[in-house]
Amino acid sequence: MRLEDFGYNNKLEQFRNENNLINFEIGRVIAEHKERYIVKTIKGEIEAEIIGNMRFTAKSREDFPAVGDWVALTIYDQDFAIIHKILPRFSIIKRQAVGQFGEIQIIATNIDYAFLVQAADRDFNINRLERYLTICHSSKVSPIILLSKTDLIDAHRISMILVNIKTRIKNVPVIAISNETQDGYGEIKTIIEKGKTYCMLGSSGVGKSTLLNNLSGKTIMQTDIISQSTNKGRHVTSHRALIILENGGILVDNPGMREVGIANSTSGLEITFDMIFRLSQSCKFKDCTHTHETGCAVLEAVEKGDIDRTSYENYLKMEREKAHFESTVAESRKKDKEFGKIVKNYKKAMKKKKY
Ligand SMILES: Nc1nc2c(ncn2[C@@H]2O[C@H](COP(=O)(O)OP(=O)(O)OP(=O)(O)O)[C@@H](O)[C@H]2O)c(=O)[nH]1
Ligand SMILES: [Mg+2]
Ligand SMILES: [Zn+2]
């Protein structure tokens, strides 16, 4: 195994050289559980923690390692290594953290393509698909839509769903697959390239892990829990989330998601709803919200049926979420700043008193 086999490249090597990281091992984070990480290196899969300084200087979740990250680490033994640095990420898939407003959760990093998996039988939902597209587009990850479990519905219904997707979502490949019959696998295999990283996003139970297992060609992929004891007597339970296929493609499994909240993703919305954004150039008012204004080109297109009304409403909903997220972040920054000022003034006042 070479680092290149799990996605390492010249750019990362250059960064390593320029930042004096030559004396560290390099590895890729393949699983994370409560600030403990499993890192794949040429010496094997190692359990690691981050160096204290990284925790103390971290401003947000993005300053911690995530699945897919390249890290510089020191290996002491199989269960004990220290991560010193996260190498620059070329993409970060993130969402609004569930239950923590204004916080981000990283789903995976350094991903080239995301398979957006929806099951054809009950899970299928275009609005949600547009959400996934938005998080992909805001993180420079190319989406591929997989309609799974096609063995459970008839051909007519499948073609209806496909038409439905294609009228609302342009320029994104859509593949109908079944993990039972392996229909559609040929198409997936032609998409997967050596050295590129693919992740699986979708609700629980849609067949992500089954697909990963089948593609890996191994009969027993670890989808269930593996626990490893550590030298400190603690346990980390996690499954291996990153595997390498025979053709050299790298697949990352992800746990199913129930919510796909939009965080700060301006470009994501722009790409997903490109027609709305193109039309908005012709709105009468520059700050048009496309909700009630006269001379709104977007509303006009909705009325005429050029833009799907449900898609438009989905867009407005995500736009509001984004705005809410951004104002929450701005608000807490302002509070931090104000608090900083109070502390500074207080210190000044104390100094004056002394002399
Ligand atoms: N009929 C049918 N069943 C499938 C298909 N793919 C997966 N299943 C079944 O659906 C169930 C869930 O599949 P998983 O692969 O574990 O789903 P997952 O997306 O990984 O789910 P999470 O890990 O919870 O996010 C299993 O019982 C699979 O056997 C399919 O194409 N057709
Ligand atoms: Mg799974
Ligand atoms: Zn408008």
Side-chain angles (χ1 to χ4, degrees), residues 30-31 33 67 95 98 107-108 114-125 128-129 132 145-155 157-158 161 175-188 198-216 218-226 237-243 251-260 269-270 273-304 306-307 309 311-313 315-316 319-320:
I30 62 170
H33 184 73
V67 171
R95 67 168 165 175
V98 178
I107 297 161
F115 287 119
L116 312 181
V117 192
Q118 288 202 343
D121 59 338
R122 341 175 239 128
D123 175 65
F124 181 72
N125 179 313
R128 189 153 16 89
L129 213 43
Y132 280 112
I145 297 169
L146 296 188
L147 187 66
S148 67
K149 301 199 181 184
T150 52
D151 56 286
L152 296 179
I153 56 169
D154 63 49
R157 173 100 183 99
I158 296 170
I161 294 179
I175 308 174
I177 67 152
S178 162
N179 290 319
E180 281 291 311
T181 63
Q182 306 219 342
D183 270 1
Y185 272 39
E187 274 178 85
I188 294 183
Y198 302 77
C199 75
M200 307 269 180
L201 303 180
S203 312
S204 192
V206 295
K208 300 181 295 295
S209 302
T210 310
L211 174 64
L212 195 106
N213 286 349
N214 292 351
L215 290 173
S216 80
K218 291 183 193 123
T219 38
I220 18 162
M221 247 295 292
Q222 298 126 324
T223 45
D224 49 12
I225 287 155
I226 294 166
T237 33
S238 172
H239 63 268
R240 300 291 191 274
L242 186 148
I243 64 146
L251 289 189
V252 178
D253 196 6
N254 290 98
M257 286 191 260
R258 226 184 304 158
E259 288 173 42
V260 200
L269 286 170
E270 268 178 41
F273 299 96
D274 69 319
M275 183 152 171
I276 291 181
F277 276 83
R278 261 186 287 129
L279 281 171
S280 68
Q281 312 279 317
S282 329
C283 292
K284 187 170 165 194
F285 304 107
K286 243 192 146 167
D287 57 351
C288 187
T289 61
H290 323 305
T291 51
H292 60 275
E293 292 87 348
T294 49
C296 171
V298 175
L299 279 174
E300 211 170 280
V302 174
E303 289 309 323
K304 273 200 292 190
D306 293 343
I307 291 177
R309 186 174 289 276
S311 182
Y312 159 77
E313 282 164 3
Y315 157 75
L316 286 183
E319 190 66 65
R320 280 196 299 272

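We number each residue from 1, following the sequence as shown. Whatever order the structure lists ligands and atoms in, that order sets their numbers, starting from 1.
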**OP:** Assess S209: does it contribute an N, O or S atom lying under 2.8 Å from the Mg ion (ligand 2)?
**Re:** yes
Original post:
Heavy atom of S178 under 4.0 Å from ligand 1?
Top reply: yes
Original post:
Looking only at heavy atoms, is any part of D253 under 4.0 Å from ligand 1, and if so is it the side chain, the backbone, or both, or is it neither?
Top reply: neither
Subject >> Nearest non-hydrogen protein atom, atom 24 (O) of ligand 1 >> reply: S204 OG, 2.4 Å
**OP:** For S148 and ligand 1, answer yes if some heavy atom of the residue is under 4.0 Å from a ligand atom, otherwise no.
**Re:** no
**OP:** Answer whether the closest heavy-atom distance between the side chains of K286 and Q281 falls below 4.5 Å.
**Re:** no
**OP:** Could you check which of S209, S203, G202, G207 puts a non-hydrogen atom nearest to atom 20 (O) of ligand 1?
**Re:** S209
**OP:** List every atom of ligand 1 that sits less than 4.0 Å from any heavy atom of N179, numbering the atoms from 1 in the order shown and giving each element.
**Re:** 5 (C), 6 (N), 7 (C), 30 (C), 31 (O)
**OP:** Taking the side chain as every heavy atom from C-beta outward, state whether L129 and Q118 have any atom pair closer than 4.5 Å.
**Re:** yes
Original post:
For atom 16 (O) of ligand 1, which candidate among T210, V117, N214 holds the nearest heavy atom?
Top reply: T210
Original post:
For atom 26 (C) of ligand 1, is the nearest protein heavy atom under 4.0 Å away?
Top reply: no
Original post:
Tell me, do K304 and V302 make a side-chain contact under 4.5 Å, heavy atoms counted?
Top reply: no
**OP:** Classify the ring geometry between F277 and Y315 as parallel (under 30°), tilted (30 to 60°) or perpendicular (over 60°).
**Re:** perpendicular
Subject >> Polar side chain donor-acceptor pair, D151 to T181, under 3.5 angstrom >> reply: no
Original post:
Do L116 and L146 have side chains that get closer than 4.5 Å, going by heavy atoms?
Top reply: no
Original post:
How close does the nearest protein non-hydrogen atom get to atom 10 (O) of ligand 1, and which residue and atom is it?
Top reply: K149 NZ, 3.2 Å
Original post:
Within a strict 4.5 Å, meaning less than it, do heavy atoms of the R320 and L316 side chains meet?
Top reply: yes
Subject >> Note: E270-R278 ion pair, threshold 4.0 Å (strictly below) >> reply: no
**OP:** Return the residue, atom name and 0.1 Å-rounded distance of the protein heavy atom closest to atom 21 (O) of ligand 1.
**Re:** G205 N, 2.8 Å
Original post:
Considering only heavy atoms, does D151 approach ligand 1 within less than 4.0 Å through its side chain, its backbone, both, or neither?
Top reply: side chain
Subject >> R128 bridged to D123 by N-O distance under 4.0 Å >> reply: yes
Original post:
Does the side chain of D183 come under 3.5 Å of the side chain of S178 through a donor N or O and an acceptor N or O?
Top reply: no
Subject >> N or O pair under 3.5 Å between P255 and ligand 1 >> reply: no
Subject >> Rounded to 10 degrees, the angle SG of C296 makes with SG of C288 at the Zn ion (ligand 3) >> reply: 110°
Original post:
Counting from 1, what ligand 1 atoms have a heavy atom of L152 closer than 4.0 Å?
Top reply: 1 (N)
Original post:
the Zn ion (ligand 3) is nearest to which N, O or S atom of H290?
Top reply: ND1
